[in-house]
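So you know, we letter chains A, B, ... as the sequences are listed, proteins then strands, and number each from 1.
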Number of protein chains: 2
Amino acid sequence: MPAPSGAAERAYEHTKTRILSGEIPGGRLLSEGEVAAELGISRTPVHEAFLRLDAEHLLAVSSRRGAAVVPMAPDEARDVLEMREAIELSTARRALAHGAPPVETLDAMRASLQDQREAAAAGDVEAFVEADGRFHTVLVVASRNQTAQQFHGLLRDRQQRLRRQLLHVGPQQVASSLGDHEAMLAAAEQGDVEEFCRLVGEHVRRHRGIL
Amino acid sequence: MPAPSGAAERAYEHTKTRILSGEIPGGRLLSEGEVAAELGISRTPVHEAFLRLDAEHLLAVSSRRGAAVVPMAPDEARDVLEMREAIELSTARRALAHGAPPVETLDAMRASLQDQREAAAAGDVEAFVEADGRFHTVLVVASRNQTAQQFHGLLRDRQQRLRRQLLHVGPQQVASSLGDHEAMLAAAEQGDVEEFCRLVGEHVRRHRGIL
DNA sequence: GCGCGCCACCTTGCATGCAACCTAGAGTGC
DNA sequence: GCACTCTAGGTTGCATGCAAGGTGGCGCGC
């Protein structure tokens, strides 16, 4: 996101960042005027931003009552993980349908994996989570299914929020994920679809166990 | 859709219906003022409706150039079908995880199937398509995965549009689908997850063959 | 005839104003 | 003390107005 030129875009990014980071707790009421005053813009673009966030199920706007940050149900983590698994399996099957993917794809996975190793070595959990997300996105993008990319992006946002508030990513999770990812990359390099899908399933199951 | 009380909601439903039905061809330029004048409301709620439609990838709004109805790429049908398969497989696995689903779920499937039989007998393709969509939604709802329901709803909208413009649903497709659905219901009644998933795969593959 | 620049029109983005509506709280009757 | 009403504040929904930006077409120079 280079430059949020429009006021509506600024309001959207501003509010979304604050919700995803957990700076605004779930259940908290936001008002359009409040955000508008913070950013020095009018209520109109803030209204649009709130509607977008409502469509992403991050905010629940009630007519003439205000907008509440959607609190996270314990089931939500399970739902989001399940959808991510479904989408990543489906896109992986397509991306690996004709054997190993092109070098650019593998290089992107390798680069992300290298970042993960460095972040893990440095104990930088934030950087690891970021690289982790990128790793899982590579094959989704490589599948060239734009709908899948759209859905996967929405899921990543919500999972980021879950991770901050429900899960506590510790060193052992980092190490475990890193190992899973290395195995997944190896399977992708050999174009072994079934093995890759099996690993995705295990990976998700492990995440789910943390709940 | 009981009563579109708000002006923004009216503008949304109005425009969406016209896009999905194919009344407005792909590539056609729409302007907010045009729709606002048609409905006798101001541009503000129309603007909001356009943004929602843009988020659903039905409309592409360009700043100060107008909004174009997104033309349908031939790949889009494949993408949408693939995502539907992924979501329906995932939700079916959960809904059937503990054997046969509750009676309400099976009854909903049976009711939709009965509507399909009647529509097929009467040669009413529109009614069949409607009941078809309901059938596929039953297990998604039964999975109680709200994210899946949200995604599946978006996919149904886009598939409806594809069906009107790319596919031509004829009597043989109706008969074929009806047969598939009956087999799927039987598998659901017996709680046979693997058989159900296999049938979903075949069903989707058959649809895909029409392209 | 052909290419180029300018201008008028059309479009959206945002600010502002007003009215409807919901909610919380004080005040009143019992 | 308790329930009820009514009012005052706050919030959104929508209309309107204005300005910035893009597009197409006309006219001019060649």
Side-chain angles (χ1 to χ4, degrees), chain A residues 1-20 23-71 150, chain B residues 1-20 23-71 150:
Chain A
M1 319 132 224
S5 50
E9 196 67 18
R10 279 212 313 277
Y12 172 75
E13 292 291 345
H14 175 81
T15 310
K16 181 169 180 173
T17 301
R18 291 178 57 180
I19 293 177
L20 290 183
E23 181 182 339
I24 311 180
R28 161 82 178 277
L29 282 173
L30 283 181
S31 87
E32 298 174 358
E34 184 183 343
V35 176
E38 276 179 27
L39 296 177
I41 59 182
S42 101
R43 270 182 39 231
T44 307
V46 179
H47 186 63
E48 292 171 5
F50 275 28
L51 291 179
R52 281 179 68 181
L53 293 169
D54 180 84
E56 295 180 18
H57 283 84
L58 295 176
L59 208 57
V61 310
S62 300
S63 182
R64 286 166 184 109
R65 288 199 331 147
V69 176
V70 174
Q150 174 194 355
Chain B
M1 5 178 180
S5 50
E9 196 66 19
R10 279 213 312 278
Y12 172 76
E13 293 291 344
H14 176 80
T15 311
K16 181 170 180 173
T17 301
R18 290 178 58 180
I19 293 176
L20 290 184
E23 180 182 340
I24 311 180
R28 161 81 178 278
L29 281 173
L30 283 181
S31 86
E32 298 174 358
E34 184 182 342
V35 176
E38 276 179 27
L39 295 177
I41 59 182
S42 105
R43 270 183 40 232
T44 308
V46 178
H47 186 62
E48 292 171 6
F50 275 28
L51 291 179
R52 281 179 67 181
L53 293 168
D54 180 84
E56 296 179 19
H57 284 83
L58 294 175
L59 209 57
V61 311
S62 301
S63 181
R64 285 167 186 105
R65 288 201 327 149
V69 177
V70 174
Q150 174 194 355

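Of the residues in residues 58-70 of chain A, A:Ser63, A:Arg64, A:Gly66 come within less than 4.0 Å of DNA chain D through at least one heavy atom, sorted by number. Contact check of residues 44-52 of chain B against DNA chain D (heavy atom, cut-off under 4.0 Å) returns B:Thr44, B:Pro45.
Interatomic distance, CZ of B:Phe50 versus CD of A:Glu48, reported as 13.0 Å (0.5 Å rounding). The CG atom of A:Leu39 sits 5.0 Å away from atom NE2 of A:His14, with the distance rounded to the nearest 0.5 Å. Put simply, CD1 on B:Ile24 and CG on B:Leu58 are 11.0 Å apart, with the number rounded to the nearest 0.5 Å.
Put simply, CG on A:Leu30 is 15 Å from C1' on D:dG10, counting in whole angstrom units.
Contact annotation: the side chain of B:Ile19 never approaches that of B:Val70 to less than 4.5 Å [non-hydrogen atoms, C-beta and beyond]. Using a 4.5 Å cut-off on side-chain heavy atoms (C-beta onward), A:Leu51 and B:Leu51 make no contact.
In plain terms, the two heavy atoms of B:Ala68 and B:Gly27 that are nearest each other are CB-O, 4.3 Å. Considering all non-hydrogen atoms of both residues, B:Val61 and B:Ala67 come closest at CG1-CB, 3.8 Å.
A:Glu34 has a carboxylate O that lies under 4.0 Å from a charged side-chain N of A:Arg28, or vice versa, which qualifies the two as a salt bridge.
Counting 5' to 3', DNA chain C first comes under 4.0 angstrom of a heavy atom of chain B and last does so at the ends given by C:dT11 to C:dG13.
A 6.0 Å sphere centred on CZ of B:Arg65 holds no more than 12 heavy atoms belonging to other residues, nucleotides or ligands.
Nucleotides of DNA chain C nearest to A:Arg43 and A:Ala8 differ in position, and the one nearer the 5' end is that of A:Ala8.
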- [ ] Apply salt bridge (Lys or Arg N to Asp or Glu O under 4.0 Å) to the pair B:Glu13 and B:Arg52, showing each step before the final yes or no.
- [x] CA-CA 11 Å; B:Glu13 293 291 344; B:Arg52 281 179 67 181; 6.0 Å; no
